[in-house]
Amino acid sequence: MTEMRAALFDRYGPPDVLYEGTVPRPVTGRDRVLVRVLAATVNGGELVLRSGALPSWFMRGPFPRQTGLDFVGEVVEVGDAVTTYSVGDRVWGLLEEKPDESGQTLRSLAEYVAVPPDCLAPAPRTLDPAQAATLPVGSLTALIGLRHKAGLRDGERLLVRGAAGGVGSAVVQMGVALGAKVTALAGATTLDFVTGLGAAEAHDYRTTSPDDLGRFDVVFDTVGTELPRYRRLLAPGGRMIAARFDTDHLVRSLATIAASAVHGRSRIRFFRGAPDAALLNEISEMADTGVLRPLVDESFPLSRVADAHRRLEQGGVRGKVVVTLTD
């Protein structure tokens with residue numbers, strides 16, 4: 001069986017548990033596309049899973065475990081039943097978060113991934129792999145959350161919490177593209193960064209009380225703590241989107257989201273973005289036309305995957321931390 005390089009960890013813990021190892025290369029299958037991965041990113045949820053901070057019922061699956069959710073790469077094999085892609089196509093996509101029969105979940109920080117074509121779309125023509133890798137997770141989450149979950153309309157006021165991160169920076173850009181007046185909450189060192197993305201206002205989350213921010217038609221929270229406090233900032237008819245929950249108080253956080261259903265339209269809507277080829281294709285076009293900008297905070301080779309996780313944990317990230325697999 002052919003082996004490939006991959007980011008692995010044999011136990012839960014700090015970034016140091018990560019290492020570059022080898023695993024079997026995935027089999028293409030008749031309904032799969034085999035992609036050679038060129039770049040991927042580190043996402044906040046992966047830090048939590050690697051650390052082992054979630055309850056045991058969240059942490060199923062054998063070791064060694066892999067990591068990575070998004071990818072940009074090149075098609076190297078196509079199954080007999082696939083008609084939408086050819087060898088040599090530059091593609092990007094997200095992986096489904098479903099374990100296989102062995103209990104493992106396919107992850108993207110590896111040399112190859114074998115995925116169904118509905119998890120893929122053509123990658124932006126104008127971006128290199130590292131740049132393109134910064135967009136799928138955050139932009140898909142932003143597009144689904146703002147347009148499909150919140151129904152954001154032109155001229156509405158949008159508050160983005162965690163506005164400088166991978167998802168938050170995409171929400172700022174998407175909100176501007178949809179015609180909203182965007183207020184950003186971020187760290188003091190990133191305020192110029194988020195206003196450069198189009199935010200009309202930017203405030204230091206450490207020194208700004210939510211009570212001083214006013215009212216908003218939509219609140220998009222990428223942090224996950226104090227959700228009820230930020231829900232109270234909604235204007236009549238306002239909508240709140242939460243792309244993250246409080247992992248330090250998981251049960252309480254999930255209960256808060258569920259209990260918010262009593263507020264009807266103004267409840268807290270929590271969701272996880274899933275692979276969607278049509279939306280990924282739309283985001284690719286947005287990138288090629290300049291509506292969405294790639295935001296690379298720092299890039300690391302696969303051999304330094306622990307450093308990539310460490311960088312994201314440090315905070316103050318502007319955009320995305322990228323891992324390349326071309327070394």
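We number each residue from 1, following the sequence as shown.
- Checking side-chain atoms of Ser209 against main-chain N and O of Asp211 turns up a donor-acceptor pair under 3.5 Å.
- Put simply, the side chain of Arg90 does not reach to within 4.5 Å of the side chain of Pro122, judged on heavy atoms.
- Using a distance-only test at 3.5 Å, with no hydrogens or angles considered, no donor-acceptor pair links the side chain of Arg107 to the main chain of Thr67.
- Heavy-atom minimum distance, Lys320 versus Gly166: CD-CA, 3.3 Å.
- Under the 4.5 Å side-chain contact rule for hydrophobic residues, Leu109 and Leu34 do not share a cluster.
- Between Leu127 and Gln131, the closest heavy-atom pair is CA-OE1, 3.5 Å.
- Counting heavy atoms from C-beta outward, Leu146 and Val171 have side chains that approach closer than 4.5 Å.
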Note to self: Please determine whether side-chain contact (heavy atoms from CB on, under 4.5 Å) holds for the pair Ile283 and Leu140, giving the CA-CA distance in whole Å, both sets of side-chain angles, and the decisive distance to 0.1 Å.
What the structure shows: CA-CA 7 Å; Ile283 292 166; Leu140 188 66; 4.1 Å; yes

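- Here the side chains of Ile241 and Val219 are not in contact, with every heavy-atom distance at 4.5 Å or above.
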Next item on the list: Show your working on side-chain contact (heavy atoms from CB on, under 4.5 Å) between Arg311 and Gln314 and close with a plain yes or no.
Entry: CA-CA 5 Å; Arg311 169 67 191 110; Gln314 287 172 351; 3.5 Å; yes

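- In terms of heavy atoms, Val323 sits closest to Ala308 at CG2-CB, 3.8 Å.
- Side chain of Arg157 to main chain of Val182: no donor-acceptor pair is present (N/O by atom type, distance under 3.5 Å, no hydrogens or angles).
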Next item on the list: With side-chain contact (heavy atoms from CB on, under 4.5 Å) as the test, would you mind laying out the steps for Lys149 and Ile144 before giving the verdict?
Entry: CA-CA 6 Å; Lys149 300 294 184 180; Ile144 294 173; 4.1 Å; yes

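- Open room surrounds CZ on Arg125; 12 or fewer heavy atoms of other groups in view lie less than 6.0 Å from it.
- Heavy-atom minimum distance, Leu69 versus Ser108: N-OG, 3.0 Å.
- Side chains of Phe300 and Val321 form a contact here, defined as non-hydrogen atoms less than 4.5 Å apart.
- Without hydrogens or angle criteria, Ser51 side chain to Val48 main chain gives a donor-acceptor distance under 3.5 Å.
- Val296 and Phe71 fall into different hydrophobic clusters, where Ile, Leu, Val, Met, Phe, Trp and Tyr side chains are chained together by heavy-atom contacts under 4.5 Å.
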Item checked: Derivation and outcome, salt bridge (charged side-chain N to carboxylate O under 4.0 Å, His left out), residues Glu282 and Arg147 -> CA-CA 13 Å; Glu282 184 175 350; Arg147 190 169 70 188; 2.8 Å; yes

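- Rounded to the nearest 0.5 angstrom, Thr126 OG1 and Asp288 CG are separated by 4.0 Å.
- One distance of note links CZ of Phe9 with CD of Glu46; it measures 9.5 Å at 0.5 Å rounding.
- Annotation: side chain of Val33 is not in contact with side chain of Glu77 (no heavy-atom distance under 4.5 Å).
- Within the model, atoms CE of Met174 and CG of Leu143 stand 4.5 Å from one another, a figure rounded to the nearest 0.5 Å.
- Considering every non-hydrogen atom in both Ala287 and Pro124, the closest pair reads CB-CG, 3.9 Å.
- Side chains of Phe216 and Leu158 form no contact here, defined as non-hydrogen atoms less than 4.5 Å apart.
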Next item on the list: Kindly indicate, with the supporting measurements, whether the criterion side-chain contact (heavy atoms from CB on, under 4.5 Å) is fulfilled by Leu197 and Ser169.
Entry: CA-CA 7 Å; Leu197 298 177; Ser169 59; 3.7 Å; yes

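- Smallest separation of non-hydrogen atoms from Asp217 and Ala235: OD1-CB, 4.4 Å.
- Taken together through direct or relayed side-chain contacts under 4.5 Å among Ile, Leu, Val, Met, Phe, Trp and Tyr, Val322 and Val305 form parts of separate hydrophobic clusters.
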Check: Would Glu156 and Arg239 count as a salt bridge (charged side-chain N to carboxylate O under 4.0 Å, His left out) if you check the C-alpha gap in whole Å, the side-chain angles of each, and the deciding distance to 0.1 Å?
Finding: CA-CA 11 Å; Glu156 289 193 313; Arg239 295 83 71 200; 2.8 Å; yes

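- Atom OG1 of residue Thr222 and atom CZ of residue Arg161 lie 8.0 Å apart, to the nearest 0.5 angstrom.
- Distance alone, capped at 3.5 Å, places no donor-acceptor pair between the Gln173 side chain and the Ala170 backbone.
- Between the side chain of Arg229 and the main chain of Leu233, no donor-acceptor pair closer than 3.5 Å is present.
- Glu74 has its side chain out of reach of Val35: every pair of non-hydrogen atoms, C-beta onward, lies at least 4.5 Å apart.
- Under the 4.5 Å side-chain heavy-atom criterion for grouping Ile, Leu, Val, Met, Phe, Trp and Tyr, Leu38 is not connected to Val91 through any hydrophobic cluster.
- A salt bridge between Asp10 and Arg65 is absent, with no side-chain N of the basic residue lying under 4.0 Å from a carboxylate O of the acidic one.
- Looking only at distances, no side-chain donor or acceptor of Asp221 sits under 3.5 Å from a matching main-chain atom of Ala243.
- Between the side chain of Asn43 and the backbone N or O of Gly45 there is no donor-acceptor pair closer than 3.5 Å.
- A continuous path of Ile, Leu, Val, Met, Phe, Trp and Tyr side chains, each step under 4.5 Å between heavy atoms, connects Tyr19 with Met4, placing both in one hydrophobic cluster.
- For the pair Arg25 and Tyr112, the distance from NZ or CZ to the six-membered ring centre is under 6.0 Å and the angle to the ring normal is within 45 degrees.
- With a 4.5 Å cut-off on side-chain heavy atoms, Leu18 and Leu8 do not count as touching.
- Although no hydrogens or angles enter the test, the distance criterion places a donor-acceptor pair under 3.5 Å between the side chain of Tyr85 and the main chain of Leu120.
- Taking the ring centroids of Phe63 and Tyr12, they lie under the 6.0 Å cut-off.
- For the atom pair CG of Leu279 and OG of Ser139, the computed distance is 11.0 Å after rounding to the nearest 0.5 Å.
- Separation of atoms CG (Leu295) and OG1 (Thr134) is listed at 6.0 Å; rounding is to 0.5 Å.
- Side-chain N/O atoms of Ser303 and Glu20 include no donor and acceptor closer than 3.5 Å.
- No more than 12 heavy atoms of other residues, nucleotides or ligands sit less than 6.0 Å from atom CG of Asp192.
- Side chain of Thr190 to main chain of Ala186: no donor-acceptor pair is present (N/O by atom type, distance under 3.5 Å, no hydrogens or angles).
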